[in-house]
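Each chain gets a letter, A, B and so on, in the order the sequences are listed, and its residues count up from 1.
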Number of protein chains: 2
Amino acid sequence: MRDEDLQEMRQLPLFDGVGAAYVESLLRSAFVQRFPAHVELVHEGDPADFLYVIVQGQVEIYASYRDRETTISVLGPGNSFIIAAVLLDRVYLKSARGLTPTRILMLPAEAVRDGFAEDAHFARALAVDMALAYRGVVKELKNQKLRSSLERLANWLIAEDEKGGSTGKLEIPYDKKVLASRLGMAPEVLSRSIAALIPYKVDIRGRHVQLNDREALLSLARPVPTIDDPAC
Amino acid sequence: MRDEDLQEMRQLPLFDGVGAAYVESLLRSAFVQRFPAHVELVHEGDPADFLYVIVQGQVEIYASYRDRETTISVLGPGNSFIIAAVLLDRVYLKSARGLTPTRILMLPAEAVRDGFAEDAHFARALAVDMALAYRGVVKELKNQKLRSSLERLANWLIAEDEKGGSTGKLEIPYDKKVLASRLGMAPEVLSRSIAALIPYKVDIRGRHVQLNDREALLSLARPVPTIDDPAC
DNA sequence: ATCCAGGCTTGATCAATATCAAGGACGTGA
DNA sequence: TCACGTCCTTGATATTGATCAAGCCTGGAT
């Protein structure tokens, strides 16, 4: 790994609170890899050889069954994925592909497992990361089982707006069909749901979104912390 | 805690591979509590004061939103719940209630968090438990997003049969309305799905189930390891 | 044995979502 | 600027699942 890469990797949230010397030794067995957009980084069912950490770009985590496919989440820089499979030395449950060109830090699974045993701070960082990811899926499962498509979209818009500082103005960060799959609906249903939000003063053109009546949208979406608050 | 209780608690899978002395010290701050059926053990949104481990009985993990409710899972002896909330010192994302009278080991959250830092073996045991739970939810999310109700029921029957040794004979371990909610459908839909399985030689009377044509059911259900294999 | 309550089933209907098909918008490259 | 391909939208229709309303069955209490 090049020096400037090393410099960058040390900053990753996964290494927060981990001793510099230990991070160094972990990174020695790791490498950074660039991938073009749309290539599959990880395939569901394969043994977990690496822990992946996104340095640059967007990664879609998805799963397939028969001829169907659904996206579980879309991750960005700083996020790691497939922690649980690496820790347990099992098979990946999800696949991953870049939505954009990506730069990815790849940590050999064995080094990660060893690290868990050898360095208590790293173990904690891994566990925290995993716990957050775990809670994320639980929230998503609740989102799926307890809400209609329209409610999911409305809540997604509010959450996305809050990420950007609640300006009422935001950009959908990927294709609408990816968003549809993330939200658990067919692309056609997303189109219609978007149209159904016009009375709530939601204005979506292409990827540009304007929320012109936050109150109205909130009364439809009714977000709750235990599903929607990322800090919860 | 009484001596015979202590004896029993030491056997819990959560303490697998953890030094006896350390288990002892953990248990000193813990206690075992009996609850009658149907009482709420944990309420979604409350701060995570305890890690719960089921000693006896069945516990339903569920979540609510507006006037809706869905069961996330049903746990039995040896299972722990709400690990992630305890580790992160955050709020519970799910509620829990006993479906039967229960005996529950309650470990104060702080002791668990301290334990994570102090004892590497316990840290590992916690992480493994959490990783397994995490993968469980991921599988469940895939189950929900990628399959129809009928497919979910068919796969549940096969999985449940395999748990019991693939005898083709099994008992539904709780009320059908709980099963319906677990599988993500209205009770009426479960009834109709059961009827729809008659051509596949599935015979359900009350809680007794007989699978008389495993091949036929398998061809409908099409289980895959990355959703259905608990060992995966 | 009888009665009752809760849980389950069944029927009828409605709402939500998926699917199929076609057309339209938009950005990119020639 | 034009042509093309991709993505998105719209319409029509089918399917799936939810809801409402009885009625039925069963198991436990009397």
Report the distance from atom [atom1] of [X] to atom [atom2] of [N], rounded to the nearest whole Å.
X	N	atom1	atom2	result
A:M185	C:dT19	CE	P	14 Å
A:R152	C:dA18	CZ	C1'	13 Å
B:L150	D:dT16	CG	P	9 Å
B:E151	D:dT16	CD	C1'	12 Å
B:R68	D:dG17	CZ	P	18 Å

Tell me every residue that passes side chain to side chain contact (heavy atoms under 4.5 Å, CB included) with A:T70, counting only those two or more places apart in sequence or in another chain.
A:I72, A:S181, B:K145, B:L146

Listed by chain and number, what are the side chain to side chain contact (heavy atoms under 4.5 Å, CB included) partners of A:A195, not counting sequence neighbours?
none

Sub-3.5 Å pairs of nitrogen or oxygen atoms, protein against nucleotides 22-26 of chain D:
none

Is the shortest side-chain heavy-atom distance between A:Y65 and B:K142 below 4.5 Å?
no

A:E69 vs A:S64 side-chain heavy atoms within contact, under 4.5 Å
yes

Could you tell me which non-hydrogen atom of B:H38 sits nearest to which non-hydrogen atom of B:L99, and how far apart they are?
CE1-O, 4.1 Å

Does anything in residues 139-149 of chain A come within less than 4.0 Å of DNA chain C? Heavy atoms only, and list the residues if so.
A:S148, A:S149

Report each atom pair, protein N/O against N/O of nucleotides 22-24 of chain C, whose distance is under 3.5 angstrom.
none

What is the distance from atom [atom1] of [X] to atom [atom2] of [Y], rounded to the nearest 0.5 Å?
X	Y	atom1	atom2	answer
A:L75	A:Y52	CG	OH	13.5 Å
A:R147	A:R152	CZ	CZ	9.0 Å
A:I204	A:L197	CD1	CG	6.5 Å

Side chain to side chain contact (heavy atoms under 4.5 Å, CB included) for A:L190 and A:I194? Distances and angles first, verdict last.
CA-CA 6 Å; A:L190 176 58; A:I194 286 175; 4.1 Å; yes

Evaluate salt bridge (charged side-chain N to carboxylate O under 4.0 Å, His left out) for A:D229 paired with B:R90, printing each intermediate quantity in order.
CA-CA 12 Å; A:D229 185 354; B:R90 297 202 181 170; over 6 Å; no

Per-nucleotide protein contact along nucleotides 6-12 of chain C, 5' to 3', at a 4.0 Å heavy-atom cut-off (B base, S sugar-phosphate only, - neither), is -SSBBBB

Treating A:D161 as the side-chain partner and A:T167 as the backbone partner, does any N or O pair qualify as donor plus acceptor under 3.5 Å?
yes

Answer yes or no: is there a donor N or O on one side and an acceptor on the other, between the side chain of A:E140 and the main chain of A:S73, under 3.5 Å?
no

Looking at B:F81 versus B:Y92, is the centre-to-centre ring distance below 6.0 Å?
no

